[in-house]
**Q** 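I'd like to ask some things about the structure below.
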Protein chains: 2
Amino acid sequence: MSATKLLVLGIVHLSGGAHGYQVRSELQSWGAESWAKIKPGSIYHALKKAAADGLLTEHAEPGNSGPERVLYRATARGRDEMVELVRDGLRRTHDPDMLNASIAMLPMLTRTDAIAQVNERVARLEAELVVQAEWREHPNRDTPEHVRDQAELWAGQARTELEWAKSLSKRLSEGAYAMADDPGSWRTVPDHLKMRA
Amino acid sequence: MSATKLLVLGIVHLSGGAHGYQVRSELQSWGAESWAKIKPGSIYHALKKAAADGLLTEHAEPGNSGPERVLYRATARGRDEMVELVRDGLRRTHDPDMLNASIAMLPMLTRTDAIAQVNERVARLEAELVVQAEWREHPNRDTPEHVRDQAELWAGQARTELEWAKSLSKRLSEGAYAMADDPGSWRTVPDHLKMRA
DNA sequence: TAGAGACTAGTCCAGTTTGACTACTTGGCC
DNA sequence: GGCCAAGTAGTCAAACTGGACTAGTCTCTA
């Protein structure tokens with residue numbers, strides 16, 4: 001699951017450097033433990049992995065109060081990789097967790113880029129709906145009835161997502177949200193994302 | 001992910017005994033590799049695990065043609081566990097894979113039981129929608145705007161699922177599908193599920 | 001009739017996830 | 001001033017997943 005990777009990189013980047021527990025609390029406060037199913041162990045693993053891959057740097061900090069901590073900071077490669085992950089998550093259907101994580105990190109992208117990725121998602125969802133419709137018109141003879149009806153749910157979900165993606169694209173076009181290339185963007189980090197040093 | 005466990009137990013049960021490759025091909029033919037993201041390694045693992053847990057029995061079969069195979073058969077405990085998994089998957093929201101797997105194995109339940117579980121899901125989805133609506137009316141001050149809009153998608157998905165669950169419950173009440181307690185149920189295993197011995 | 005390609009059956013192990021566990025500090029409160 | 005609860009920070013082994021890999025058997029077909 002690279003949703004964990006994306007969120008961890010994102011939090012470190014947004015806070016301009018963070019240690020494991022901080023990432024963990026931040027994700028918890030976003031309710032990410034529920035919608036992205038992220039457990040503590042995975043966070044620490046993702047941080048170490050990212051550091052080993054050169055996406056983050058590690059700085060050991062002697063615990064002035066409490067146990068020793070490791071401070072992580074995003075590298076240039078880490079930022080690039082993260083932006084790529086956000087773009088992928090927006091574009092690709094079939095991975096709800098990545099979509100959720102990408103939306104959470106949406107302001108990492110420039111406005112035009114974000115719109116392009118969301119539009120690509122719209123196109124893919126439309127294509128999938130066409131395939132599904134065909135499949136239901138010419139059903140496979142030995143697919144059980146209840147499995148065919150299940151496709152009804154998938155199609156419904158896809159349609160819901162499609163409408164939502166369209167409206168997101170529209171909102172973005174109309175200037176909603178502070179994106180990476182806007183004044184007052186995430187570069188002016190909102191309070192709740194600031195490092196609680 | 002216990003969706004793998006459920007599907008593997010289910011296929012073994014439905015075929016009245018199966019070896020790994022058979023389970024694998026069956027799942028493939030259902031398109032499960034895509035909607036449940038199941039890979040070969042996980043299938044063989046799940047089979048061994050289930051055997052170790054006493055949910056399946058293992059019988060080594062000398063390969064009359066081709067390599068040696070291991071035949072698995074469901075035990076009574078395995079059947080009970082599977083039925084419990086199907087009921088859980090129907091009831092509990094927040095796990096789409098389990099829902100998909102449970103629907104695939106729906107005819108394992110008796111009609112009244114299935115209806116009860118689906119109705120429970122309906123109730124839970126309605127409760128979630130209420131909570132979400134409240135959350136959107138009284139938004140947390142420092143939740144970023146784009147994260148609040150994401151909730152729009154979740155709510156939409158929940159509504160879609162709700163409608164679908166209601167209609168499934170209705171279809172079941174009207175006698176759709178051959179359930180476990182019906183004549184002509186899965187006990188009369190359809191051709192495409194029969195062991196290709 | 002040998003060799004290519006497809007099918008059958010499963011192993012292997014590196015990588016990832018889980019969640020229980022350790023260990024230390026702070027603050028309250030009796 | 002001693003003890004408990006809550007908070008801080010992270011480790012660890014066990015379990016699970018992914019998917020490349022092995023290894024035999026048919027089946028054409030040139």
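Note on naming: letters A, B, ... go to the chains in the order of the sequence lines (proteins, then strands), and numbering restarts at 1 for each one. FYI, side chains are in, hydrogens and waters are out, and symmetry mates aren't considered; it's all heavy atoms of this structure.
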**Q** Does B:Lys39 have a side-chain nitrogen or oxygen under 4.0 Å from the phosphate oxygens OP1 or OP2 of D:dG19?
**A** yes

**Q** So B:His146 and A:Tyr177, would you call those rings parallel, tilted or perpendicular, with 30° and 60° as cut-offs?
**A**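 Correct class here is perpendicular.
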
**Q** Whole angstrom is fine here: how far is it from OH in A:Tyr21 over to P in C:dT25?
**A**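 My rounded result for the distance is 16 Å.
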
**Q** C:dG10, OP1 or OP2 - any side-chain N/O from B:His19 closer than 4.0 Å?
**A** yes

**Q** Mapping A:Val70 and B:His45 to their closest nucleotides on DNA chain D, which lands nearer the 5' end?
**A** A:Val70

**Q** With distance as the sole criterion, is a donor-acceptor pair present between the side chains of B:Asp149 and A:Trp164 under 3.5 Å?
**A** no

**Q** Is it true that atom NZ of A:Lys170 has more than 12 heavy atoms of other residues, nucleotides or ligands lying nearer than 6.0 Å?
**A**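 Open: at most 12 neighbouring heavy atoms sit under 6.0 Å from NZ of A:Lys170.
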
**Q** Whole-Å distance between C:dG19 P and A:Arg24 CZ?
**A** 13 Å

**Q** Give the rounded distance in Å between these two atoms: OH of B:Tyr44 and P of D:dG19.
**A** 17 Å

**Q** Does a side-chain N-to-carboxylate-O contact under 4.0 Å join A:Arg111 and A:Asp181?
**A**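 Salt bridge: no.
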
**Q** May I ask you to say what B:Gly41 touches in the nucleic acid, namely base, sugar-phosphate or nothing, with a heavy-atom cut-off under 4.0 Å?
**A** base

**Q** Quick one: A:Asp95 CG to D:dG18 P, roughly how many Å, whole number?
**A**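 It works out to 12 Å between those atoms.
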
**Q** Would you mind reading off the distance between A:Leu47 atom CG and D:dT11 atom C1', rounded to a whole angstrom?
**A** 14 Å

**Q** Step by step, would you call B:Thr93 with B:Glu128 a side-chain hydrogen bond (donor to acceptor under 3.5 Å, both in side chains)?
**A** CA-CA 9 Å; B:Thr93 58; B:Glu128 272 170 39; 2.7 Å; yes

**Q** Ignoring backbone atoms, establish whether A:Lys49 has a side-chain N or O less than 4.0 Å from OP1 or OP2 of C:dG15.
**A**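 For A:Lys49, the contact criterion (side-chain N or O under 4.0 Å from OP1 or OP2 of C:dG15) is not met.
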
**Q** Over how many whole Å does the gap from B:Arg69 atom CZ to D:dA23 atom C1' extend?
**A**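 About 16 Å, once rounded to whole Å.
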
**Q** When you measure from the side-chain N and O atoms of B:Ser42 to the phosphate of D:dG18, is any distance below 4.0 Å, counting only OP1 and OP2?
**A** yes

**Q** Nearest whole Å is fine: how far is C:dT18 C1' from A:Ile43 CD1?
**A** 12 Å

**Q** For B:Glu33 and D:dG18, what is the distance between atoms CD and P respectively, to the nearest whole Å?
**A**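 Distance, rounded to whole Å: 13 Å.
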
**Q** Check the phosphate of D:dT11 against A:Lys48, side-chain N and O only, distance under 4.0 Å to OP1 or OP2. Yes or no?
**A** yes

